[in-house]
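Below: the structure, in structure tokens.
By convention in this document, chain letters (A, B, ...) are assigned in the order of the sequence lines, proteins followed by strands, and residues within each chain are numbered from 1.
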Amino acid sequence: MTVRVRFAPSPTGYLHVGAARTALYNYLFARAKGGTFILRSDDTDRERSTDEFHDDILEHMAWLGLEWDEGLVKGGEHGSYRQSDRYDRYREVARALVDAGDAYYSFATASQLDDFKSAAREAGTSPAYDGSLEPDPHDATSRIREGAQAAIRFRVPRPGETRFTDIVRDDMVFDHRQVDDFIILRSDGTPTYHLASTVDDVDYHITHVIRGEDLLSSTPKHILLTLAMGAEPVTYAHLSLLMGPDGKKLSKRHGDTAMSAYREAGFLPEAVNNYLAILGWSLGDDVEIASLDAMVAKFDLGAVSKNPAVFDPQKLTWLNGVYIREMDDRAFVDRTVALVEEDLGRELTDGERDQFMEIASLVKERTKLLSEVADHVRFLFSDIERYDEASWKKVMETPEAPIALDGASEALSGLGDWTTEAIDAALRAMLEVHGLSARKGFQPIRVAVSGSTVSPPLFESLKVLGRDVTLTRLSNARALLS
RNA sequence: GGCCCCGUCGUCUAGAGGCCUAGGACGCCGCCCUCUCAAGGCGGUAGCGUGGGUUCAAAUCCCAUCGGGGCUACCA
């Protein structure tokens with residue numbers, strides 16, 4: 001049987017890192033097994049689902065490069081792959097279940113249910129609702145016939161238990177005393193997650209459901225439902241949840257969890273995928289860095305860690321730096337030029353693009369986030385509007401500064417070849433003449449030319465900047481020293 | 001409260017009775033390199049939650065305990 005898995009987010013929020021990890025693991029499993037990866041929208045919560053979230057999920061799945069074979073946008077033989085389009089089908093199943101006696105119209109009120117639960121809590125017994133508050137069947141049917149609104153609950157067989165083998169958690173057993181007669185169709189006729197999701201998994205011939213651990217205790221419900229539909233239950237794999245630094249389930253209050261925030265912050269999709277993959281799974285042999293293809297080749301769902309993992313932005317950032325350094329210069333420029341232009345508020349000329357290319361490898365090496373690049377190269381493309389205050393104070397307000405600036409101007413104005421080597425030699429000779437250390441002598445030049453004590457290597461920077469601009473900036477800074 | 005899951009450095013993990021004096025990575029610290037910042041190199045810091053067993057031998061098996069997490073909605 002060929003593997004069919006699905007990632008089925010609810011568009012009640014932006015695609016967040018936890019969901020992205022679930023999507024990734026589904027993707028890796030499908031590719032590793034030569035199966036089909038399906039993208040579905042579990043949008044049964046009409047109150048909270050929005051098109052904006054729906055689009056955000058699609059956009060960031062694409063951004064991550066987690067290409068799906070069937071489902072949203074792509075289509076397939078199962079309709080729209082949006083649950084909101086399939087209400088008729090869910091109602092049909094719910095009614096069939098009622099007819100077969102596997103489900104029933106429920107009249108228990110919220111306050112009755114509350115009482116039931118608090119009584120259970122007090123008695124120390126299971127809080128799972130067992131249907132004991134319902135009117136007798138004849139009563140119920142006549143009330144429905146008279147047009148009463150009622151939700152439909154699944155009748156969990158009691159006594160009984162559900163067993164299944166979870167790929168990451170091994171053998172699981174749930175006593176039906178702990179599983180409540182859950183609602184499958186709300187009184188307004190809309191399906192709940194349990195129904196819609198299970199029906200879709202059956203209808204779409206899903207073979208493996210890989211999802212978060214938060215759904216582990218709902219799994220007996222889904223298995224019971226599947227069985228009642230006369231279908232074969234899928235194989236489940238429940239992934240541990242992602243935690244914030246405080247050890248609680250990762251959520252907005254831990255800061256950015258939306259994928260879009262990481263994209264905007266300058267993370268590369270390759271790095272995000274890589275990090276999410278090793279967060280809870282190990283490739284073995286101390287390998288930490290691997291492309292999607294390499295991960296596919298080694299992926300083993302059963303080897304995925306059972307423990308909850310704390311999401312560590314620092315390690316992600318490190319990995320991002322690794323990926324940035326691995327890019328070739330051309331790719332680096334292509335991927336960041338728009339950010340630089342946005343920062344400048346104008347497009348780069350061809351000449352400036354060449355300058356960017358020239359210094360790319362040096363900038364690349366000190367970049368961890370794409371969003372930092374504009375800061376690193378701004379001095380090349382625009383005049384220095386203001387010098388970094390701390391930098392100025394530290395190196396310009398020194399006795400060496402005027403000497404270094406004057407010396408540099410003199411040494412560079414008469415320089416024959418404007419090459420890195422020539423600049424290097426001239427400036428070092430200048431140091432020699434004035435008895436300045438490299439640190440004391442070069443830092444004022446750096447600040448004069450780049451505005452800060454932190455910049456790409458000096459000689460290369462000057463080379464790319466050009467002689468005229470260099471000399472102008474040296475004298476501008478010198479003038480400020482009185 | 002009930003049920004379920006989990007428990008190796010601060011964090012992510014390797015580890016499936018002797019290869020463990022517990023390995024790697026991020027972080028942190030130090031040194032080197034060095035025109036700044038990075039990158040890189042070298043070194044260091046730090047862990048098997050606790051208590052009992054089983055065994056010649058336990059991070060690995062068993063029990064208990066403690067701790068963390070999830071579910072307990074006409075959310076998903």
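A donor-acceptor pair shorter than 3.5 Å cannot be found between the side chains of A:Asp45 and A:Thr12. With 3.5 Å as the limit, one finds a donor-acceptor pair spanning the side chains of A:Asn274 and A:Tyr323.
Atom CH2 in A:Trp318 sits about 5 Å away from atom P in B:C26, given to the nearest Å. Between the CG atom of A:Asp246 and the C1' atom of B:U11 there is a distance of 13 Å, rounded to whole Å. Separating the CG atom of A:Leu279 from the P atom of B:A25 is a distance of 18 Å, rounded to the nearest angstrom. Separating the CG atom of A:Leu242 from the C1' atom of B:C6 is a distance of 15 Å, rounded to the nearest angstrom. In this structure, CG of A:Leu195 is placed 11 Å from P of B:A76, rounded to the nearest angstrom.
A close approach under 4.0 Å does occur between a side-chain nitrogen or oxygen of A:Lys368 and OP1 or OP2 of B:A39. Distances shorter than 4.0 Å separate none of the side-chain N or O atoms of A:Asn307 from OP1 or OP2 on B:G68. Considering only side-chain N and O atoms, A:Thr44 lies under 4.0 angstrom from the phosphate OP1 or OP2 of B:A76. Note on A:Arg325: a side-chain N or O is less than 4.0 Å away from OP1 or OP2 of B:G40. Distances shorter than 4.0 Å separate some side-chain N or O of A:Lys117 from OP1 or OP2 on B:A73. Contact annotation: A:Ser305 side-chain N/O to B:U13 OP1/OP2 distance is under 4.0 Å.
Picking from B:C12, B:U36, B:A39 the nucleotide with the shortest atom distance to the side chain of A:Pro457 gives B:U36. Side chain of A:Gln314, nearest nucleotide from B:A76, B:C6, B:G27: B:G27. Among B:A25, B:C37, B:U13, the nucleotide with an atom closest to any side-chain atom of A:Glu288 is B:A25. Of the candidates B:C35, B:A76, B:C6, the closest approach to any side-chain atom of A:Ser10 belongs to B:A76. With B:C74, B:A73, B:G69 as the choices, the nucleotide that has an atom nearest any side-chain atom of A:Met243 turns out to be B:G69. Closest approach to the A:Asp286 side chain among B:G24, B:G2, B:C35 is made by B:G24 (side chain taken as heavy atoms from C-beta onward). Here the nucleotide nearest the side chain of A:Thr453, chosen from B:G70, B:U13, B:U36, is B:U36. Considering only side-chain atoms of A:Leu458, the nucleotide from B:C6, B:U13, B:C35 that sits closest is B:C35. With distances taken from any side-chain atom of A:Asp312 to the nucleotides B:C35, B:U11, B:C4, the minimum falls on B:U11. For A:Gln443, taking side-chain heavy atoms from C-beta onward, the closest of the listed nucleotides B:C35, B:A39, B:G7 is B:C35.
A:Leu362 comes within contact range of no nucleotide atom at all, as no heavy-atom separation falls under 4.0 Å. A:Pro127 comes within 4.0 angstrom of a nucleotide base, judged by non-hydrogen atoms across all strands. Base contact: A:Phe459 has a heavy atom under 4.0 Å from a base atom. Among the protein residues, A:Gly212 comes within range of no part of the nucleic acid, since none of its heavy atoms lies under 4.0 Å from any strand. Nucleic acid contact class of A:Pro456 (heavy atoms, under 4.0 Å, all strands): base. At the heavy-atom level, A:His194 lies under 4.0 Å from base atoms of the strands shown. Residue A:Glu460 is in base contact, counting any heavy-atom pair closer than 4.0 Å across all strands shown. A:Arg439 comes within 4.0 angstrom of sugar-phosphate atoms only, judged by non-hydrogen atoms across all strands, and of no base.
Here the closest non-hydrogen pair linking A:His434 and A:Gly407 is NE2-CA, 4.1 Å. Residues A:Arg21 and A:Leu239 approach most closely at NH2-CB, 4.4 Å, considering heavy atoms.
Taking the ring centre of A:Tyr105 as origin, the terminal cationic atom of A:Arg143 falls outside the region bounded by 6.0 Å and 45° from the ring axis. No cation-pi contact links A:Arg335 to A:Phe332, judged by a cut-off of 6.0 Å to the six-membered ring centre and 45° from its axis.
Across the strands present, B:A14 finds no partner; the criterion is a Watson-Crick or G-U wobble pair with both atom distances under 3.5 angstrom. With a cut-off of 3.5 Å on both pairing distances, B:C20 has no Watson-Crick or G-U wobble partner at all. The partner of B:C3 is B:G70, judged by Watson-Crick or G-U wobble contacts that both fall below 3.5 Å. Pair assignment for B:G43: B:C29, on the basis of Watson-Crick or G-U wobble contacts that are both within less than 3.5 Å. With a cut-off of 3.5 Å on both pairing distances, B:U55 has no Watson-Crick or G-U wobble partner at all. B:U65 is paired with B:G49 under the Watson-Crick or G-U wobble criterion, all donor-acceptor distances under 3.5 Å.
Straight-line distance between the P atoms of B:G47 and B:A59: roughly 15 Å, to the nearest whole Å. Taking atom P in both B:G69 and B:C74, the straight-line distance is 25 Å, to the nearest Å. Using P as the reference atom, B:G70 and B:G24 are 33 Å apart when rounded to the nearest Å. Rounded to whole Å, the separation between the C1' atoms of B:C19 and B:A14 comes to 14 Å.
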Would A:Trp281 and A:Leu276 count as a side-chain contact (heavy atoms from CB on, under 4.5 Å) if you check the C-alpha gap in whole Å, the side-chain angles of each, and the deciding distance to 0.1 Å? CA-CA 9 Å; A:Trp281 175 57; A:Leu276 257 17; over 6 Å; no
Would A:Phe311 and A:Tyr275 count as a ring-ring contact (aromatic ring centres under 6.0 Å, His included) here? Give the steps. CA-CA 9 Å; A:Phe311 183 82; A:Tyr275 178 64; 5.5 Å; yes
What's the verdict on ring-ring contact (aromatic ring centres under 6.0 Å, His included) for A:Phe459 and A:Phe442, showing C-alpha distance, side-chain angles and the deciding distance? CA-CA 10 Å; A:Phe459 313 134; A:Phe442 290 156; 5.4 Å; yes
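Each of A:Ser455 and A:Ile183 has a nearest nucleotide on RNA chain B; the 5'-most of these lies closest to A:Ser455. With the nearest nucleotide of RNA chain B identified for both A:Val322 and A:Arg428, A:Arg428 has the one nearer the 5' end.
More than 12 non-hydrogen atoms from other residues, nucleotides or ligands lie less than 6.0 angstrom from CZ of A:Arg325.
Of the charged side-chain nitrogens involved, none lies within less than 4.0 Å of a carboxylate oxygen, so that A:Arg86 and A:Glu92 do not count as a salt-bridged pair.
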Show the distances under 3.5 angstrom between N or O atoms of the protein and N or O atoms of nucleotides 44-50 of chain B.
none

